[in-house]
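As structure tokens, the structure follows; a few thoughts come after it.
Quick note: residue numbers are just sequence positions, from 1. Hydrogens, waters and symmetry mates are skipped; everything else that's a heavy atom, side chains included, is used.
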Amino acid sequence: MSPHSRRSVLKSGGVAAAAVMVPLSGTDPATAQPATAPRTAQPRTAGDVTLEINGTEHRLPGVEARVTLLDALREHAGLTGTKKGCDRGECGACTVLVDGRRTKSCLTLAMMAEGRSVTTIEGLALGDQLHPVQEAFVRRDAFQCGICTPGQIMSAVACVEEGHATSEDEIREWMSGNLCRCSCYPNIVDAVADAAKAGRR
């Protein structure tokens with residue numbers, strides 16, 4: 001008869017398992033507290049966010065910490081010119097300028113823009129006078145459905161101001177973060193080139 005009966009094997013296995021469960025820090029198992037489920041993190045309460053948009057201070061009440069700059073602009077400030085495209089930072093339709101730099105507002109939290117200057121498509125024209133880039137887009141017919149157009153124009157403004165519009169290849173490279181589903185790329189490139197020439201006069 002085998003010296004290792006089923007009963008002895010199970011008993012020794014139970015002892016080994018119990019030994020593993022004893023805390024390694026020397027805590028008395030009899031006084032150890034039972035394991036508890038981790039506490040669920042409480043969401044931050046909504047608060048006020050103040051943004052400088054197109055030269056005007058906007059106080060936006062009740063903005064949660066998770067709200068993106070894109071949603072703050074559209075849903076809280078009522079500036080719907082900035083479009084929500086892919087909402088993943090891939091298409092560039094939501095491009096705005098933050099302190100003059102191209103920024104995809106769907107990937108930026110609203111609170112991150114506090115204390116900084118935000119420029120949207122609504123802030124380019126001076127009354128009835130269009131921005132040179134806007135004029136060039138109209139003249140060159142550089143849009144069709146219009147969903148990507150605000151982001152294209154905002155990116156084009158930065159492209160020209162950054163000095164990255166000296167050739168067609170350079171324009172294509174520096175505008176590559178903005179997608180056009182209607183494939184108006186040749187007209188967009190021409191519009192950016194026109195605006196750059198107008199700015200150099």
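Met111 CE to Leu109 CG: the interatomic distance, rounded to the nearest 0.5 Å, is 6.0 Å. Rounding to the nearest 0.5 Å gives a distance of 9.0 Å between CZ of Phe143 and SG of Cys184. Between atom CZ of residue Arg88 and atom SG of residue Cys94 there is a gap of 12.0 Å, rounded to the nearest 0.5 Å. Residue Asp99 holds its CG atom at 8.5 Å from CD of Glu52, rounded to the nearest 0.5 Å. The structure places CZ of Arg181 at 8.0 Å from SG of Cys145, a figure rounded to the nearest 0.5 Å. Note that NE2 of His76 is 14.0 Å distant from NE2 of His58, once rounded to the nearest 0.5 Å.
For Glu114 (side chain) and Thr50 (main-chain N/O), a donor-acceptor pair under 3.5 Å exists by modelled atom type. Of the possible polar contacts, none joining the Gln129 side chain to the Leu126 backbone as a donor-acceptor pair under 3.5 Å is found. The main-chain N or O of Ala136 is never found under 3.5 Å from a side-chain atom of Asp194 such that the two would form a donor-acceptor pair. Under the 3.5 Å distance criterion, the side-chain polar atoms of Glu122 are matched with a main-chain donor or acceptor of Gly81. The backbone N or O of Val98 sits nowhere less than 3.5 Å from a side-chain atom of Arg116 that would complete a donor-acceptor pair.
The shortest non-hydrogen separation linking Gly62 to Asp48 is N-OD1, 3.5 Å. Across all non-hydrogen atoms, the minimal contact from Cys106 to Thr68 is O-CG2, 3.5 Å. Of all non-hydrogen atoms in Val192 and Ala165, the two that sit nearest each other are CG1-CB, 4.0 Å. The heavy-atom pair separating Asn178 from Gly92 by the smallest distance is ND2-O, 3.0 Å. Across all non-hydrogen atoms, the minimal contact from Thr95 to Ser155 is CG2-N, 4.2 Å. When every heavy atom of Phe137 is checked against every heavy atom of Ala191, the shortest pair comes out as CD1-CB, 3.7 Å.
Linking Ile, Leu, Val, Met, Phe, Trp and Tyr residues whenever their side-chain heavy atoms come within less than 4.5 Å places Val189 and Val157 in a single cluster. When the side chains of ILVMFWY residues are joined at heavy-atom separations under 4.5 Å, either directly or via intervening members, Ile188 and Leu179 end up in two distinct hydrophobic clusters. Each of Val67 and Leu70 belongs to its own hydrophobic cluster when Ile, Leu, Val, Met, Phe, Trp and Tyr are linked at side-chain heavy-atom distances under 4.5 angstrom. By the criterion of side-chain heavy atoms lying less than 4.5 angstrom apart, applied directly or through intervening Ile, Leu, Val, Met, Phe, Trp or Tyr residues, Leu97 is not grouped with Trp174; the two fall into different hydrophobic clusters. Hydrophobic clustering of Ile, Leu, Val, Met, Phe, Trp and Tyr side chains at less than 4.5 Å, counting indirect connections, keeps Leu79 apart from Ile153.
Contact of the Cys180 side chain with the Gln152 side chain is registered, since non-hydrogen atoms from C-beta on lie closer than 4.5 Å. Looking at heavy atoms from C-beta onward, Ser105 lies in side-chain contact with Thr82 at the 4.5 angstrom threshold. The shortest distance between side-chain heavy atoms of Ile53 and Leu73 falls below 4.5 Å. The side-chain heavy atoms of Leu130 and Leu124, taken from C-beta on, include no pair separated by under 4.5 Å. The closest side-chain heavy-atom distance from Thr119 to Val96 is not below 4.5 Å.
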Test log, rule side chain to side chain contact (heavy atoms under 4.5 Å, CB included), inputs Lys84 and Asp71: CA-CA 9 Å; Lys84 180 178 286 194; Asp71 286 337; 2.8 Å; yes
Arg102/Glu162 under salt bridge (charged side-chain N to carboxylate O under 4.0 Å, His left out): CA gap, chis, key distance, verdict: CA-CA 10 Å; Arg102 290 181 255 195; Glu162 293 163 359; 2.6 Å; yes
Stepwise side chain to side chain contact (heavy atoms under 4.5 Å, CB included) check, Thr108 with Lys104: CA-CA 7 Å; Thr108 306; Lys104 293 183 178 179; 5.7 Å; no
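In this structure, Asp141 has no salt bridge (charged side-chain N to carboxylate O under 4.0 Å, His left out) partners at least two apart in sequence or on a different chain. With sequence neighbours left out, Lys83 forms a side-chain hydrogen bond (donor to acceptor under 3.5 Å, both in side chains) with no residue at all. Looking at residues two or more places apart in sequence or on another chain, you find a side chain to side chain contact (heavy atoms under 4.5 Å, CB included) between Ala113 and Leu51, Leu69, Val118.
Applying side chain to side chain donor-acceptor pair (under 3.5 Å) to Thr166 and the options Glu168, Glu170, His164 leaves one that passes, Glu170.
With respect to Arg139 and Glu135, no salt bridge is recorded, no charged nitrogen being found less than 4.0 Å from a carboxylate O. Under 4.0 Å is where a charged nitrogen must lie from a carboxylate oxygen, and between Asp169 and Arg172 at least one such pair does.
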